[in-house]
Amino acid sequence: MKRAPSTYEIIWETIRHIPKGKVTTYGEVAEQSGLPRQARLVGYALHNTPHGLDIPWHRVINSQGKISLPKQNGSYAKQKKLLLKEGIVFTGDKIDLKKYGWLRRLKNRK
DNA sequence: AACGTGACAAGGC
DNA sequence: AGCCTTGCCACGT
């Protein structure tokens, strides 16, 4: 029998749909996955992404338009390189979400 | 089975 | 702009 998809699998599936040349935030992925306000879970899921899984993990950035990876170990540079290759422009260390954001950021607070 | 942790986000200063 | 606090919840110990 088919087991229900785990929370991680739902998140990975959402990320798989982000088009090339666009970026989105952790919070938005959470929302699109039906897990509102659980951005941290998205980060956790990404951190645990299996190697074989082919998803555009680099298109996920934080709500400030910045890369959320440490600059020390090179993973920051790796993500930036992948984004630059897709034509995304950095202003300093930030990306303009209004310009490159996948979907509009909806604030469904309240 | 409780507890600390985390590739986050929003609000208050 | 930057720092601090709080809300969030699946996971590994």
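Residue numbering restarts at 1 for every chain, and letters A, B, ... go by the order of the sequence lines.
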Point to revise | Derivation of the side-chain contact (heavy atoms from CB on, under 4.5 Å) call for Ile15(A) and Thr24(A) | key: CA-CA 9 Å; Ile15(A) 292 170; Thr24(A) 191; over 6 Å; no

Exercise for review: Tell me, with the steps shown, if Trp57(A) and Thr49(A) meet side-chain contact (heavy atoms from CB on, under 4.5 Å).
Suggested key: CA-CA 9 Å; Trp57(A) 59 271; Thr49(A) 303; 5.6 Å; no

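Evaluated for a side chain to side chain contact (heavy atoms under 4.5 Å, CB included) with Val60(A), the options Ile67(A), Ile18(A), Thr25(A) yield exactly one hit, Ile18(A).
Between Ser63(A) and dA9(B) there is a side-chain polar atom (N or O) within less than 4.0 angstrom of OP1 or OP2. Thr7(A) has no side-chain polar atom (N or O) that falls below the 4.0 Å cut-off from OP1 or OP2 of dA10(C).
In the set dA9(B), dC11(C), dA7(B), the nucleotide with an atom closest to the side chain of Ser68(A) is dA7(B). Checked against dG6(B), dA7(B), dA9(B), the side chain of Tyr44(A) finds its nearest nucleotide in dG6(B). Comparing atom distances between the Gln38(A) side chain and each of dC11(C), dC8(C), dA9(B) picks out dC8(C) as nearest.
What separates OH of Tyr8(A) from C1' of dG12(C) is a distance of 9 Å, to the nearest Å. Taking atom CZ on Arg37(A) and atom C1' on dG6(B), their separation rounds to 19 Å, with Å as the unit. Rounded to whole angstrom, the span from the CG atom of Leu97(A) across to the C1' atom of dA10(B) amounts to 15 Å. For Glu31(A) and dC9(C), the CD to C1' distance is 17 Å, given to the nearest whole Å. Atom CD in Gln64(A) sits about 10 Å away from atom C1' in dC8(B), given to the nearest Å. Remark: P of dA7(B) and CD of Gln72(A) are 12 Å apart, rounded to the nearest angstrom. A straight line from NZ of Lys78(A) to C1' of dA7(B) spans 12 Å, rounded to a whole angstrom. Rounded to whole Å, atom C1' of dC9(C) lies 17 Å from atom OH of Tyr26(A).
Within 6.0 Å of atom NE2 in His17(A), more than 12 heavy atoms from other residues, nucleotides or ligands are found, so the atom counts as buried in its surroundings.
With contacts defined as side-chain heavy-atom distances shorter than 4.5 Å, the pair Tyr8(A)/Asn48(A) qualifies.
Of the two residues near DNA chain C, Leu41(A) and Lys94(A), the one whose nearest nucleotide lies more 5' is Lys94(A).
Taking only distance into account, the side chain of Arg40(A) meets the base of dG6(B) through a donor-acceptor pair shorter than 3.5 Å.
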